[in-house]
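For clarity, every value in this text was computed on a predicted model and none was experimentally measured.
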Amino acid sequence: MKRFCLYCLVLTLLLTGLCPAAASAKEITMFTKCGTHGTAKRLNGKTAIVSVFASDSKVKWNFSKEKDIVRFGHTHEYLGVAAQWIMDQAAQYGVRCELVWDWMKYNTLFRTHTFSGSMVTQTGVNWSAYIDYIDKQIPTDDVMRELDAENILYIFFYNSPQSNPVGSYAYPYHELPSNVGGYEFVCMFTGEFNQETTPGTYAHEILHLFGVPDIYAKNDAYNMSDAFIKAYKKKYPRDIMAGASTNKYDHVQFTFSPLVAYYAGLTRSCDLVSQWNLRKSDYELYGY
């Protein structure tokens, strides 16, 4: 019965989501709202998460198949777990963070799209195809107005096999060429490295869009040395950005360090930054 209900829901979403309304006149554009931080400006406030169930020449969604319906349901569940965990972490810092993600409640957050060629690749990610799709097919300003959101981000979900050797990845604003606009998005593969992708990975990739870097290997761009990484992992072995593994699906099995809070703009300082001469957060560099 549960799977039948999911099938009916998917059919309803397909009928409504495949024909999104055309974008209306942009009285207040997302660029006006989001400024130099791109569409995922800050965790503070309300953020709309648009989920695009994407197919390409190699991996496809087929919602007439039971296994795809089940995977669809898991995607909804895991995104909810990740979103709630991020909101809970922000609340610990006294920040009002609301991630509006539930496409079963808000049909405007659900989309499907088929890309030409292969998008699930280890090298040469075709970021321009994603930007072009968002720009032409998603009425971003209308979605933001409808949900009264200050921020918006996009997740492209691929129905990849669990043996998929490619890890999910995020494209924050400052990693995109300056001429493509401020759209920030995640490519999420539902299967990674011989298991179904966990809510912890969902949360990890979403945090990238809010300015948080990986903290599991030497990173010259953030002045993170091997010595720093070793000390950090010793102090925060289960940190969300430190690369620890997990097989938990009903909760996010990670911690949220003060450094992550700093890079996410939840705090204005962190002792580790001055102690190790780390790169400042995007918020210090480009303004809050």
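Side-chain N or O atoms of Arg238 include none that pairs as donor or acceptor with a backbone N or O of Phe256 at under 3.5 Å. Side-chain atoms of Asp68 come within 3.5 Å of backbone atoms of Asn62 as a donor-acceptor pair (strictly under, hydrogens ignored). Remark: side-chain polar atoms of Gln162 are not paired, donor with acceptor, to backbone N or O of Glu192 under 3.5 angstrom. Without hydrogens or angle criteria, Gln253 side chain to Thr246 main chain gives no donor-acceptor distance under 3.5 Å. Listed for the Thr39 side chain is no donor-acceptor partner under 3.5 Å among the backbone atoms of Leu153. Asn219 places no side-chain N or O within 3.5 Å of a backbone atom of Met224 that could act as its donor or acceptor partner. For the pair His204 (side chain) and Ile240 (backbone), a donor-acceptor distance under 3.5 Å is present. No donor-acceptor distance shorter than 3.5 angstrom exists from the side chain of Asp282 to the backbone of Gly211, with no hydrogens or angles considered. Formation of a donor-acceptor pair under 3.5 Å by the Lys233 side chain with backbone atoms of Tyr216 is found in this model. Using modelled atom types, one side-chain atom of Tyr249 and one backbone atom of Glu196 make a donor-acceptor pair closer than 3.5 Å.
Taking CG of Leu79 as the reference point, atom CG of Asp102 lies at 8.5 Å (rounded to 0.5 Å). To the nearest 0.5 Å, the span separating CH2 on Trp85 from NE2 on His251 amounts to 11.0 Å. Taking CZ of Arg71 as the reference point, atom OG of Ser160 lies at 6.5 Å (rounded to 0.5 Å). Atoms OH and CG, on Tyr93 and Leu266 in that order, are 7.5 Å from each other to the nearest 0.5 Å. To the nearest 0.5 Å, atom CH2 of residue Trp103 and atom CH2 of residue Trp101 are 7.0 Å apart. Rounding to the nearest 0.5 Å places CE of Met241 at 10.0 Å from CG of Leu259.
The two atoms that bring Ala244 and Pro237 nearest to each other are CB-O, 3.6 Å, heavy atoms only. Here the shortest heavy-atom pairing between Val260 and Leu207 reads CG1-CD1, 4.4 Å. Nearest heavy-atom pair, Tyr283 versus Arg42, reported as atom, atom and distance to 0.1 Å: CE2-CG, 3.5 Å. Heavy-atom minimum distance, Leu147 versus Ala48: CD1-CB, 3.9 Å. Between Tyr263 and Arg279, the shortest heavy-atom distance links the atoms OH-O, 2.7 Å. Of all heavy-atom pairs between Ala129 and Met119, the closest is CB-CE, 3.8 Å.
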Practice task
Please step through side chain to side chain contact (heavy atoms under 4.5 Å, CB included) for the pair Thr198 and Gln195, ending with a clear verdict.
Solution key: CA-CA 8 Å; Thr198 67; Gln195 68 173 25; 3.5 Å; yes

Exercise for the section: Before giving the answer on side chain to side chain contact (heavy atoms under 4.5 Å, CB included), spell out for Tyr154 and Val186 the whole-Å C-alpha distance, their side-chain angles and the decisive distance to 0.1 Å. Expected result: CA-CA 6 Å; Tyr154 316 83; Val186 170; over 6 Å; no

Problem - Test side chain to side chain contact (heavy atoms under 4.5 Å, CB included) applied to Val50 and Ile155, step by step - result: CA-CA 6 Å; Val50 177; Ile155 303 181; over 6 Å; no

Exercise for the section: Test side-chain hydrogen bond (donor to acceptor under 3.5 Å, both in side chains) on Tyr158 and Ser55 and set out the steps. Expected result: CA-CA 6 Å; Tyr158 286 95; Ser55 300; over 6 Å; no

Practice task
Dump the intermediate steps for side chain to side chain contact (heavy atoms under 4.5 Å, CB included) on Phe157 and Phe72, then the final yes or no.
Solution key: CA-CA 9 Å; Phe157 288 105; Phe72 175 87; over 6 Å; no

Exercise for the section: Check the pair Gln84 / Asp88 against side-chain hydrogen bond (donor to acceptor under 3.5 Å, both in side chains), numbers first and verdict last. Expected result: CA-CA 6 Å; Gln84 187 59 57; Asp88 291 344; 2.9 Å; yes

Problem - Chi angles and distances behind the side-chain hydrogen bond (donor to acceptor under 3.5 Å, both in side chains) call for Asn126, Ser128 - result: CA-CA 5 Å; Asn126 187 3; Ser128 61; 2.8 Å; yes

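Using a 4.5 Å heavy-atom cutoff, the side chains of Thr114 and Asp56 are not in contact.
Around NZ of Lys58, the count of heavy atoms belonging to other residues, nucleotides or ligands within 6.0 Å does not exceed 12.
Both Trp127 and Tyr169 belong to a single network of hydrophobic side chains, linked directly or stepwise wherever heavy atoms of I, L, V, M, F, W or Y lie under 4.5 Å apart.
Between Arg145 and Asp142 there is a salt bridge, with a side-chain nitrogen of the basic residue lying less than 4.0 Å from a carboxylate oxygen of the acidic one. Under the 4.0 Å criterion applied to side-chain N and carboxylate O atoms, Lys136 and Asp132 are assigned as salt-bridge partners.
In this pair, Tyr232 and Tyr236 present their aromatic rings tilted. The plane angle is within the 30 to 60° band.
For the pairing with Phe156, the ring pair (Phe, Tyr, Trp, His ring centres under 6.0 Å) check across Tyr130, Trp61, Phe53 returns one residue only, Tyr130.
Listed by chain and number, the residues in a side-chain hydrogen bond (donor to acceptor under 3.5 Å, both in side chains) with Thr47 are Asn151 (sequence neighbours excluded).
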